[in-house]
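FYI, side chains are in, hydrogens and waters are out, and symmetry mates aren't considered; it's all heavy atoms of this structure.
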Amino acid sequence: MNQSITIAGIALVILGLFIPIIGWFLLIPAGLIVIILGLIAKEEVKAKPAESTKTSCSIEEVLLDADLVTAEMEAIAQKITEFGNKDNPELIDTYVSLLKDANSKINVAEKIESSLVIILKDFESQLKAIESKIADLKKSRDVYGVHRESLELKIAKEEAERERLKANVEKYRKLLDELKSKKDLLTNILNKELGSETIETIELYLKTMMKYKEKYGEKGEKKFKQNLSALLRTGISRKDALERLYHEVKK
């Protein structure tokens with residue numbers, strides 16, 4: 001069809017060359033327009049298989065991302081749980097980095113979870129449709145008494161496809177459950193570590209306390225907490241109070 005449109009356009013152009021005035025000003029421009037339309041339609045047809053391939057690649061990408069993020073969340077959760085003394089100044093940056101990574105991976109996991117849900121629903125829909133198709137084919141054989149090799153081959157083919165879809169549904173459901181489980185675990189650990197704080201204020205709190213200890217020795221922690229409480233009673237925000245104490249103790 002698209003090739004016929006292009007050929008028709010070429011024919012108009014050729015015809016226009018031999019017809020003075022009308023051909024030059026009407027047929028040739030019309031022919032060129034038809035050729036362009038034919039080429040555009042041809043490119044659109046070519047693009048459709050590429051789109052299907054892209055969808056397939058996207059599913060594989062979601063699989064890889066889900067598996068990787070699940071493993072990363074499990075590892076981060078274990079590291080935070082195992083984390084020792086936060087009073088060690090050398091470990092503060094590592095601890096804060098773990099909290100930031102945990103928050104980042106939870107956000108990524110939520111996006112992947114949404115993609116997995118969509119993919120799983122699609123496979124479940126395909127499975128439901130093929131089970132209905134198999135039921136109709138078996139009805140032809142068992143109820144109407146149709147006995148043909150083509151019917152048996154069709155049933156066998158659809159049953160094989162059903163098993164493939166079942167395996168996909170099971171695989172994606174398992175992956176989704178594992179992703180959600182690790183995400184919920186890491187979320188609970190992060191919430192426990194943060195309490196009512198943010199990652200930024202925790203980082204500032206620990207670093208300020210370390211500065212007080214460096215400057216005032218054993219009494220540093222007690223002095224820091226007293227100064228912080230005094231500032232908070234004035235109505236200043238916790239973040240502003242910590243920033244003020246940090247800059248003062250650095251002098």
Side-chain angles (χ1 to χ4, degrees), residues 1-2 39-81 96-140 151-200:
M1 179 66 181
N2 301 324
L39 292 173
I40 291 172
K42 188 176 180 182
E43 289 301 317
E44 286 177 351
V45 170
K46 285 182 179 179
K48 287 182 180 179
E51 187 177 343
S52 176
T53 304
K54 183 180 178 181
T55 302
S56 176
C57 291
S58 297
I59 292 176
E60 288 301 317
E61 197 66 30
V62 171
L63 264 178
L64 292 172
D65 289 344
D67 184 65
L68 177 58
V69 170
T70 299
E72 288 174 335
M73 288 192 296
E74 183 177 15
I76 292 170
Q78 185 175 349
K79 286 292 183 183
I80 293 176
T81 303
V96 171
S97 178
L98 281 171
L99 298 182
K100 289 179 179 179
D101 287 344
N103 188 57
S104 173
K105 296 304 176 185
I106 289 168
N107 291 333
V108 171
E110 287 175 350
K111 293 177 182 177
I112 295 173
E113 184 180 332
S114 298
S115 298
L116 278 174
V117 168
I118 293 170
I119 293 168
L120 182 58
K121 284 182 178 179
D122 182 51
F123 277 123
E124 287 173 337
S125 177
Q126 290 180 48
L127 181 59
K128 186 177 179 181
I130 207 162
E131 283 176 341
S132 176
K133 197 172 182 181
I134 291 170
D136 287 342
L137 290 169
K138 287 185 175 181
K139 184 178 180 180
S140 295
L151 177 61
E152 296 302 327
L153 288 172
K154 187 70 175 173
I155 290 173
K157 180 181 177 182
E158 298 299 338
E159 285 180 336
E161 179 63 11
R162 179 184 62 186
E163 294 309 308
R164 185 189 73 82
L165 288 170
K166 277 184 177 180
N168 277 330
V169 168
E170 184 179 350
K171 177 173 69 173
Y172 279 94
R173 189 173 288 151
K174 182 179 178 182
L175 191 59
L176 178 60
D177 289 343
E178 188 178 7
L179 178 74
K180 290 172 69 174
S181 174
K182 300 304 179 187
K183 185 197 73 176
D184 291 344
L185 174 64
L186 187 57
T187 300
N188 290 336
I189 291 173
L190 183 61
N191 289 339
K192 184 179 177 182
E193 293 293 315
L194 294 180
S196 59
E197 301 279 5
T198 64
I199 296 174
E200 289 73 19

Step-by-step side-chain contact (heavy atoms from CB on, under 4.5 Å) determination, Val96 to Lys100: CA-CA 6 Å; Val96 171; Lys100 289 179 179 179; 3.7 Å; yes
Any donor-acceptor N/O pair, Thr81 side chain to Ala77 backbone, under 3.5 Å: yes
Side-chain donor/acceptor of Ser125 to backbone N/O of Lys121, under 3.5 Å: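 Looks like no, no N/O pair under 3.5 Å.
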Exceeds 12 heavy-atom contacts within 6.0 angstrom, atom CD of Glu163: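 For Glu163, atom CD is crowded (more than 12 foreign heavy atoms under 6.0 Å).
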CD (Glu152) with more than 12 external heavy atoms under 6.0 Å: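 Enclosed: over 12 neighbouring heavy atoms sit under 6.0 Å from CD of Glu152.
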Closest heavy-atom pair and its distance - Glu193, Leu99: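 In terms of heavy atoms, the two residues are closest at CB-CD2, 4.0 Å.
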Nearest non-hydrogen partners of Ala102 and Ile76, listed with the distance: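 Nearest heavy atoms, Ala102 then Ile76: CB-CG2, 3.9 Å.
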Charged N-O contact under 4.0 Å between Glu161 and Arg164: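 Yes, charged N to carboxylate O under 4.0 Å.
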Flag side-chain contact, heavy atom, 4.5 Å: Lys182 against Leu186: no
Would you mind writing out the side-chain donor-acceptor pairs for residues 126-138 within the sub-3.5 Å range, not counting sequence neighbours?
| unit_1 | atom_1 | unit_2 | atom_2 | d |
| --- | --- | --- | --- | --- |
| Gln126 | NE2 | Asp122 | OD2 | 2.9 |
| Lys133 | NZ | Glu158 | OE2 | 3.4 |
| Lys138 | NZ | Glu159 | OE2 | 3.1 |

Nearest 0.5 angstrom please: [X] [atom1] to [Y] [atom2], how far?
| X | Y | atom1 | atom2 | value |
| --- | --- | --- | --- | --- |
| Leu190 | Ile106 | CG | CD1 | 5.0 Å |
| Leu98 | Gln78 | CG | CD | 11.5 Å |
| Asn103 | Asn191 | CG | CG | 9.5 Å |
| Glu113 | Ile118 | CD | CD1 | 11.5 Å |
| Asp184 | Met73 | CG | CE | 8.5 Å |
| Ile119 | Lys171 | CD1 | NZ | 10.0 Å |

In a table with atom names and distances, give each donor-acceptor pair under 3.5 Å that connects a side chain of residues 62-72 to protein atoms at least two apart or in another chain.
| unit_1 | atom_1 | unit_2 | atom_2 | d |
| --- | --- | --- | --- | --- |
| Thr70 | OG1 | Ala66 | O | 2.7 |
| Glu72 | OE1 | Lys105 | NZ | 3.0 |

